[in-house]
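Chain naming here is simple, since letters A, B, ... match the order of the sequence lines and numbering starts at 1 in each. Only heavy atoms go into these numbers, but all of them, side chains included; no hydrogens, no water, no symmetry mates.
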Amino acid sequence: MSIPEITIYNTLSRKKEIFEPLNTPNVGMYVCGPTVYGDPHLGHARAAIVFDVLFRLLTYLGYKVRYVRNITDVGHLENDADEGEDKIAKKARLEQLEPMEIVQKYTDSYHHSMDLLNIRHPSIEPRASGHIIEQIKMIQDIMDNGFAYEVNGSVYFDVVKYNSSNNYGKLSGRVLDELMENTRDLAGQEEKNNGVDFALWKKAQPEHIMKWPSPWSTGFPGWHLECSTMSSKYLGDYFDIHGGGMDLLFPHHECEIAQSQAANGKDPVKYWIHNNMITIDGQKMSKSLGNFITLDELFAGNHKLLSQAFNPNTIRFFILQAHYRGTLDFSDTALLGAEKGLSKLLNGIEQAKKIVATDSTTSDISKLKAECMKAISDDFNTPVLISHLFEAVRITNSVYAGEETISQGDLKTLNSIFEDFATEILGLIDDQNKQGNNLIDPLMNLIIDIRQESRANKDFATSDKIRDVLSELNITTKDEDGGTTWTYDG
RNA sequence: GGUCGCGUGGCCGAGUGGCUUAGGCACUGGUCUGCAAAACCAGUUACAGCGGUUCGAAUCCGCUCGCGACCUCCA
């Protein structure tokens with residue numbers, strides 16, 4: 001079996017590494033999903049799209065991937081409150097709903113947006129609330145191994161003790177002594193032996209409504225535990241890939257490593273992959289800063305920074321035009337540019353299905369395809385891949401315009417470039433133009449016919465009127481040698 | 001304060017030692033068109049500043065300036 005080699009930037013080593021699965025051709029991949037207490041925003045889209053492309057790439061290459069992406073529906077503690085309070089519970093109180101109603105609402109919202117963005121469903125989408133028993137078991141294991149202690153019904157991870165035999169900070173590059181000096185004094189931490197310790201189980205306050213029984217108290221699991229528990233349950237104690245946003249690097253992922261190591265005695269992950277943030281005016285777009293734009297607002301054009309609505313496919317393309325490890329600056333004009341570029345690409349893909357082959361080829365199509373593979377294999381360099389796709393579009397259009405020629409074999413290769421890289425791996429399907437309609441198509445044919453007749457009769461007043469009205473309906477007509485074609489742009 | 005990262009042309013955004021014309025958007029000129037649209041061809045604007053290493057640096061090193069991320073929930 002020969003699978004093309006790819007490289008991945010591993011946060012653990014801070015280098016690009018050749019990807020070698022632990023158990024070829026199987027690949028286990030875990031990605032931190034959303035905490036479902038609010039509408040999904042552009043940041044969620046980026047993480048989901050980046051790892052969707054990785055999932056698609058690995059599948060395309062022939063790997064058998066089990067992709068696990070969790071739903072956090074238990075909520076995390078908020079330390080800015082006087083007492084620790086569950087994020088979801090807090091939101092529930094504000095909206096006078098059951099916590100699980102909130103969870104349902106925002107899970108549905110997330111799924112809906114992800115579907116619009118053409119993101120493939122993960123193999124397993126486990127929920128924290130459905131794995132309380134496993135989490136309790138893991139806490140017990142960590143306690144049995146001596147790396148956790150109980151105080152007043154809450155259980156804390158003993159970071160200092162763990163660090164004496166392990167390296168706490170190996171992922172994020174932190175040194176425990178420095179962390180201890182710099183850790184802020186936060187309220188509600190008096191139970192901990194040390195400020196750097198973190199909760200594995202938290203006893204619920206009376207007003208706390210999301211809670212479960214445990215050997216220590218009626219309460220809820222700690223911030224980082226679910227990912228350790230669910231990843232090991234579905235992927236094993238040592239698996240290939242763990243992904244998530246860069247903001248989760250510390251403390252979340254660092255703590256995951258510590259928990260798994262303390263419970264199972266194994267470093268859990270071979271390749272850690274982190275996507276960078278989306279910025280707005282140079283600043284991170286985030287829930288806490290309140291400068292986020294939800295996906296619904298983007299799709300509806302319903303935000304003060306937006307001049308219009310944007311197709312989900314445009315959002316996807318916009319995100320893939322930047323490398324996943326760099327920040328991506330959001331703006332209306334950048335999105336407008338992406339919309340135009342995507343349209344050019346999609347038109348090219350359609351055009352490539354229509355062009356006619358001849359005996360010879362003027363461009364090296366095989367080389368172009370190899371360069372596409374090289375780009376996506378090099379730490380998923382989607383912007384470079386896209387630049388090659390535009391070269392393929394340029395060739396396509398030149399052949400159509402009669403400036404270049406292409407052989408039958410190369411034409412097949414050209415179409416396979418679009419099929420493999422644009423559709424299969426990047427997931428940039430053209431869902432708008434493809435859907436035929438039993439009523440609209442004959443109607444449009446009639447209208448186009450009438451316009452053609454008036455043009456033939458030099459009745460340009462009529463033909464232009466048809467074109468102008470159609471244009472107002474976002475239908476673009478193009479008069480080409482072989483007749484008039486039309487496209488509908490949302 | 002600690003740790004880490006970034007600064008590319010009008011905008012977005014790749015590249016990281018020697019011609020990359022990266023690519024997209026915008027703009028200008030040309031071809032095509034009844035006029036358009038689309039497309040093709042051509043053109044324009046660049047590597048924050050200073051110093052160093054090198055035959056050669058946007059790319060390596062140092063300093064300066066500016067910006068950001070993490071250190072508290074966040075994709």
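Taking the six-membered ring for Trp and the full ring otherwise, the centers of A:H274 and A:H253 sit less than 6.0 Å from each other. Taking the six-membered ring for Trp, A:F310 and A:F299 have ring centres at least 6.0 Å apart. No close placement of the A:H252 and A:W223 rings is indicated, their centers lying 6.0 Å or farther apart.
Here the closest non-hydrogen pair linking A:Y168 and A:N163 is N-OD1, 2.8 Å. Between A:H388 and A:A375, the shortest heavy-atom distance links the atoms CD2-CB, 4.1 Å. Between A:A45 and A:L295, the shortest heavy-atom distance links the atoms CB-CD2, 3.7 Å.
Relative to the side chain of A:R467, the nucleotides B:C74, B:A36, B:A69 differ in distance, and B:A36 lies closest. Here the nucleotide nearest the side chain of A:L248, chosen from B:C74, B:A39, B:C41, is B:C74. For A:D329, counting side-chain heavy atoms from C-beta on, the closest listed nucleotide (B:A39, B:A75, B:G13) is B:G13. Distances were taken from every side-chain heavy atom of A:F250 (C-beta onward) to each of B:A14, B:C71, B:A37; the shortest belongs to B:C71. Proximity note for A:E178 (side chain, C-beta onward) versus B:C12, B:G2, B:C73: the nearest is B:G2.
For A:D479 against B:C35, a side-chain N or O and a base N or O form a donor-acceptor pair under 3.5 Å. On a pure distance criterion of 3.5 Å, no polar donor-acceptor pair joins the side chain of A:N276 and the base of B:G5. A donor and an acceptor atom sit less than 3.5 Å apart, one in the side chain of A:K284 and one in the base of B:C74.
The NE2 atom of A:H44 sits 10 Å away from the P atom of B:C74 (whole-angstrom rounding). If you measure from atom OH of A:Y400 to atom P of B:U33, you get 14 Å, rounded to the nearest angstrom. Separating the CG atom of A:D468 from the C1' atom of B:A37 is a distance of 12 Å, rounded to the nearest angstrom. In this structure, the CG atom of A:L42 is 19 Å from the P atom of B:C74, given to the nearest Å. Atom CG in A:L473 sits roughly 19 Å away from atom P in B:A37 (whole-Å rounding). Straight-line distance from the CD1 atom of A:I355 to the P atom of B:C40: 12 Å, rounded to whole Å. One interatomic measurement links the two molecules: CD of A:E403 to C1' of B:A38, which rounds to 14 Å at whole-angstrom precision. To the nearest angstrom, P of B:C74 lies 6 Å from NZ of A:K87.
The same atom, P, is picked in B:C61 and in B:C70; the two are 25 Å apart, to the nearest Å. Distance noted for atom P between B:G18 and B:C60: 11 Å (whole Å). Spacing between B:U53 and B:C41 at atom P, rounded to whole Å, works out to 45 Å. Here, B:G15 and B:G30 have their C1' atoms 31 Å apart, quoted to the whole Å. When the P atom is used for both B:A22 and B:A42, the distance is 14 Å, rounded to whole Å. Spacing between B:A58 and B:C47 at atom P, rounded to whole Å, works out to 9 Å. As rounded to the nearest Å, B:G9 and B:G1 have P atoms that lie 29 Å from one another. Rounded to whole Å, the P atom of B:G7 lies 12 Å from the corresponding atom of B:U16.
The side chain to side chain contact (heavy atoms under 4.5 Å, CB included) test with A:V68 is passed by exactly one of A:S231, A:S123, A:C227, A:P126: A:P126.
A distance of 6.5 Å separates CG of A:L389 from CG of A:L426, quoted to the nearest 0.5 Å. For the atom pair A:F157 CZ and A:L200 CG, the distance stands at 7.0 Å (nearest 0.5 Å).
Heavy atoms of A:G43 sit under 4.0 angstrom from at least one base atom. Using a 4.0 Å heavy-atom distance criterion, A:T485 is classed as making no nucleic acid contact. Nucleic acid contact for A:L328: sugar-phosphate only, since backbone atoms but no base atoms lie under 4.0 Å from a heavy atom of the residue. The residue A:M246 sits apart from the nucleic acid: no heavy atom pair falls under 4.0 Å. Residue A:S172 is out of contact with every strand shown, counting any heavy-atom pair closer than 4.0 Å. Using a 4.0 Å heavy-atom distance criterion, A:H274 is classed as making no nucleic acid contact.
Contact annotation: A:N397 side-chain N/O to B:C40 OP1/OP2 distance is under 4.0 Å. For the pair A:R14 and B:G5, the criterion of a side-chain N or O lying under 4.0 Å from OP1 or OP2 is not met.
Shown here are the ring pair (Phe, Tyr, Trp, His ring centres under 6.0 Å) partners of A:F292, two or more places apart in sequence or in another chain: A:H41. A:E404 is linked by a side chain to side chain contact (heavy atoms under 4.5 Å, CB included) to A:T362, A:S363, A:R394, A:I395, A:S398, A:V399, counting only residues two or more places apart in sequence or in another chain.
Comparing A:R46 and A:R174, the nucleotide of RNA chain B nearest to each residue sits closer to the 5' end for A:R174. Each of A:N381 and A:S398 lies near RNA chain B, and the nucleotide nearest A:N381 is the one positioned closer to the 5' end.
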Side chain to side chain contact (heavy atoms under 4.5 Å, CB included) evaluation trace for A:I319 with A:L328: CA-CA 8 Å; A:I319 286 170; A:L328 170 58; 4.2 Å; yes
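For RNA chain B, runs of at least 3 consecutive pairs of the Watson-Crick or G-U wobble type, with both hydrogen-bonding distances under 3.5 angstrom, map to B:1-7 with B:65-71, B:10-12 with B:23-25, B:27-31 with B:39-43, B:48-52 with B:60-64.
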Reading 5' to 3' through nucleotides 22-30 of chain B, protein heavy-atom contacts under 4.0 Å coded B for base, S for sugar-phosphate only, - for none: BSSSS----
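Counting only residues at least two apart or in different chains, salt bridge (Lys or Arg N to Asp or Glu O under 4.0 Å) contacts with residues 323-347 of chain A comprise A:R325-A:D379.
Between A:L428 and A:F421, the closest side-chain pair of non-hydrogen atoms is not below 4.5 Å.
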Using nucleotides 44-49 of chain B, report all nitrogen or oxygen pairs with the protein that are shorter than 3.5 Å.
none

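Under a 4.0 Å N-O distance rule, the pair A:D420/A:R56 does not qualify as a salt bridge.
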